[in-house]
Amino acid sequence: MPRFLARLTHASSTNMPGGLQDIYAKQGTLRRKGEDTPIHGPVGLFEAVTAAGRKGLTLQRYKGLGEMNPQQLWETTLDTNVRSLAAG
């Protein structure tokens, strides 16, 4: 859980009478593309949204272009129809 959400949830639930505990006492539901996800408070909402955003994604990191296979190098760097250069 991100630190700022942990601090917000902890401070709001311990320092305020009622506070977030009253507001988020009922379960919410996140509906996305026909899929319902139960939500329990702001942290649950954050986690559900970030999980939905990561579905179907893969992340690969390389130190240099020499670590890429030839097809990946062509698709990401060498293909002039796809690449864009920014003037700096």
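All values below come from the heavy atoms of this structure, side chains included, with hydrogens, waters and symmetry mates left out. Position 1 is the first residue of the sequence, and the numbers go up from there.
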Is a side-chain donor or acceptor of T50 paired with a backbone partner of E47 at a separation under 3.5 angstrom? yes

Between Q71 and E75, which heavy-atom pair has the shortest distance, and what is it? NE2-OE2, 2.8 Å

L78 CG to T80 OG1 distance, which is reported to the nearest 0.5 Å: 9.5 Å

Grab the two heavy atoms, one from D36 and one from R31, that are nearest each other, plus how far apart they are. OD1-CG, 2.9 Å

Do you know which two heavy atoms are closest between T29 and I39, and how far apart they sit? C-CG1, 4.2 Å

Check whether any side-chain N or O of Q72 sits under 3.5 Å from a backbone N or O of M68 as a donor-acceptor pair, and report yes or no. no

In terms of heavy-atom contacts, does CZ of R54 have more than 12 from other residues, nucleotides or ligands at under 6.0 Å? no

Minimum side-chain heavy-atom gap K55-E35 below 4.5 Å: yes

